[in-house]
Number of protein chains: 2
Amino acid sequence: MKEIKIRTTPEPTLRRLPRYYHLLLRLKERGINDVSSTVIAKELDLDPTQVRKDIEYTEIIGRPKTGYNISDLIKSIRTFLSWDTNSNAVLVGTGSLGTAMLGYKNFSKYGLNFIAAFDIKKELIGKEIHGVKVYNFNDLKEIIEKDKVTIGVLAVPVEAAQEAADKMIKGGIKAIWNYAPCQLKVDNSILVENAQLSQSLAVLTRKITELYLKESL
Amino acid sequence: MKEIKIRTTPEPTLRRLPRYYHLLLRLKERGINDVSSTVIAKELDLDPTQVRKDIEYTEIIGRPKTGYNISDLIKSIRTFLSWDTNSNAVLVGTGSLGTAMLGYKNFSKYGLNFIAAFDIKKELIGKEIHGVKVYNFNDLKEIIEKDKVTIGVLAVPVEAAQEAADKMIKGGIKAIWNYAPCQLKVDNSILVENAQLSQSLAVLTRKITELYLKESL
DNA sequence: TGCTAATCGATAAATATTTCACTGTTAAAA
DNA sequence: TTTTAACAGTGAAATATTTATCGATTAGCA
């Protein structure tokens with residue numbers, strides 16, 4: 001029997017790739033053509049070997065002495081992250097965070113194409129936020145079915161999160177980007193990425209404390 | 001010579017603690033008094049030992065058979081993350097993301113107290129956003145010096161990020177929560193937590209692809 | 001053309017994190 | 001009161017991730 005091995009990418013690597021990506025864009029803007037892992041590492045305060053390993057996942061090949069062609073590397077990362085193909089997405093919850101998401105033009109650069117937003121507040125329905133139309137939450141299933149939406153962004157209060165998730169999944173969504181501070185109960189064929197701000201804040205606030213502890217020695 | 005060992009908390013642990021925290025709040029609301037690592041693990045789809053080890057960092061002690069007292073555990077996590085003491089914070093950049101941050105009432109629950117926001121747009125200066133006054137970016141240093149601000153939230157476009165960071169640091173800020181997609185060049189006594197949305201998106205979009213790859217075998 | 005320094009790619013070593021296995025404690029049921 | 005099952009805490013094993021080392025390749029320069 002042949003072992004079939006799926007190489008899943010380590011999450012730390014996935015988190016670093018966008019950092020490389022943004023750096024590369026800036027370097028390219030400056031007219032630079034090639035970049036080495038050494039340079040990337042120095043810029044981002046990482047280990048060059050780690051950078052090389054991360055980049056290896058995208059299957060680009062570099063060349064000794066010069067490194068990687070920047071345009072190629074950008075393309076390689078984009079492809080690896082599927083940022084080069086458009087996916088239809090919807091937003092549920094047009095509170096301040098949801099509104100910010102719609103206003104963040106850059107999402108189109110990541111292949112995220114918001115085709116609709118949903119809310120339950122009557123006064124919002126029918127309006128447009130940053131060019132995206134707000135629909136009645138009850139029409140969610142219908143619309144995402146029609147437009148083959150694969151990604152749902154969840155930016156509702158905790159109380160509404162599970163119901164919204166359920167409805168999205170019934171409509172055929174494959175992945176949920178969850179900003180609500182709760183665990184969604186979903187079938188394990190559905191992908192959930194928890195993106196609560198509090199996670200990142202916890203890292204920050206605890207590290208501050210640990211920094212003080214260290215200094216006080 | 002005595003080895004002085006500072007036990008820094010693993011970042012994965014810090015990322016999970018807020019998830020426990022939110023779950024605990026909900027359980028407490030329901031009138032539950034005690035919770036075991038087994039239950040937490042089941043709810044969040046984690047390993048019980050991992051939950052126990054994470055919780056251990058906060059230095060609470062549980063008891064066999066019943067687990068942890070929920071109120072105590074909540075308190076313990078809050079203290080560990082310094083979410084129980086207020087820190088003054090400022091926001092730089094009142095675009096859609098910045099506005100969302102100010103609108104996110106919950107930050108006060110995490111001990112984050114926004115005392116001011118800053119922008120360069122004349123028409124915004126002097127106004128209030130979600131109860132926080134917007135000041136001229138040029139007054140940044142002065143105001144954060146006066147109010148002993150320790151945390152700066154950076155939500156400006158890339159081009160403005162480094163300058164804003166520099167100015168915050170000059171004012172005495174200790175930690176920057178950076179939402180701009182770039183690397184800040186700062187002295188290593190300053191703490192920077194990068195919280196670009198693209199990091200989390202990368203995890204999501206790549207995992208979708210890997211899920212498809214797996215299914216197509 | 002030959003030399004040198006920089007770098008990739010690969011493998012190995014080191015470190016960090018997660019999971020396992022076990023011990024002793026406790027609450028509740030028998 | 002005794003028995004049982006659930007659980008915390010802990011050290012060890014397994015796994016994942018990062019860092020170090022090294023040979024091969026290449027660009028630039030003498």
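The analysis underlying the following values was restricted to heavy atoms, covering all of them including side chains, and did not include hydrogens, waters or symmetry mates. Numbered from 1 within each chain, the chains take letters A, B, ... in sequence-line order. Quick caveat, the model's predicted, so the values are computed rather than measured.
The heavy-atom pair separating B:I143 from B:A116 by the smallest distance is CG2-CB, 4.3 Å.
The number of heavy-atom neighbours closer than 6.0 Å to CD of B:E215, taken from other residues, nucleotides and ligands shown, is above 12. Other residues, nucleotides and ligands contribute only 12 or fewer heavy atoms inside 6.0 Å of the NZ atom of A:K75. No more than 12 heavy atoms of other residues, nucleotides or ligands shown are found within 6.0 angstrom of CD1 on A:I61. For A:I120, the CD1 atom sits in a loose shell: 12 or fewer heavy atoms of surrounding residues, nucleotides or ligands are nearer than 6.0 Å.
Here B:S36 lies in heavy-atom contact (under 4.0 Å) with sugar-phosphate atoms only. Here B:T38 lies in heavy-atom contact (under 4.0 Å) with sugar-phosphate atoms only.
Between the side chain of B:D187 and the main chain of B:S189, a donor-acceptor pair closer than 3.5 Å is present. A:R206 places a side-chain N or O within donor-acceptor distance of the main-chain N or O of B:F80, the cut-off being under 3.5 Å.
D:dC7 atom C1' lies 14 Å from atom CD of B:E56, rounded to whole Å. The CG atom of B:D47 sits 14 Å away from the C1' atom of D:dG9 (whole-angstrom rounding). We find that CZ of B:R7 is positioned 12 Å from P of C:dT17, with the value rounded to whole Å. Between B:D34 atom CG and D:dA6 atom C1' the separation is 13 Å, expressed in whole Å. Protein atom CD1 of A:I55 is 14 Å distant from nucleotide atom P of C:dA10, rounded to whole Å. Taking atom CG on B:L46 and atom P on C:dT17, their separation rounds to 16 Å, with Å as the unit. Atom-to-atom, CD1 of B:I61 to P of C:dT25 comes out at 14 Å; the value is rounded to the nearest Å. Look at CG on B:L17: it is 13 Å from P on C:dT17, rounded to the nearest Å.
Residue A:R52 places no side-chain N or O under 4.0 Å from the OP1 or OP2 atom of C:dG9. Taking only side-chain nitrogens and oxygens, B:S37 comes nearer than 4.0 Å to OP1 or OP2 of D:dA8.
Using a 4.0 Å cut-off between charged nitrogen and carboxylate oxygen, A:E210 and A:K214 do not count as a salt-bridge pair. A salt bridge links A:R15 to A:E11: one of the charged nitrogens lies within less than 4.0 Å of a carboxylate oxygen.
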Distances for protein N or O near nucleotides 27-30 of chain C N or O, under 3.5 Å:
unit_1, atom_1, unit_2, atom_2, d
C:dA27, OP1, B:R63, NH1, 3.1
C:dA27, OP1, B:R63, NH2, 2.6

Enumerate the protein-to-nucleotides 12-17 of chain D contacts in which both atoms are nitrogen or oxygen and the separation is below 3.5 Å.
none

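A heavy atom lying under 4.0 Å from DNA chain C marks none of the residues of residues 188-207 of chain A.
With B:F118 as the fixed residue, the side chain to side chain contact (heavy atoms under 4.5 Å, CB included) test singles out one of B:L140, B:T94, B:L91: B:L140.
At least one cation-pi condition fails for A:R16 and A:Y21: the charged atom is not both under 6.0 angstrom from the six-membered ring centre and inside a 45 degree cone around its axis.
Between atom CG of residue B:L184 and atom CE of residue B:M168 there is a gap of 7.5 Å, rounded to the nearest 0.5 Å.
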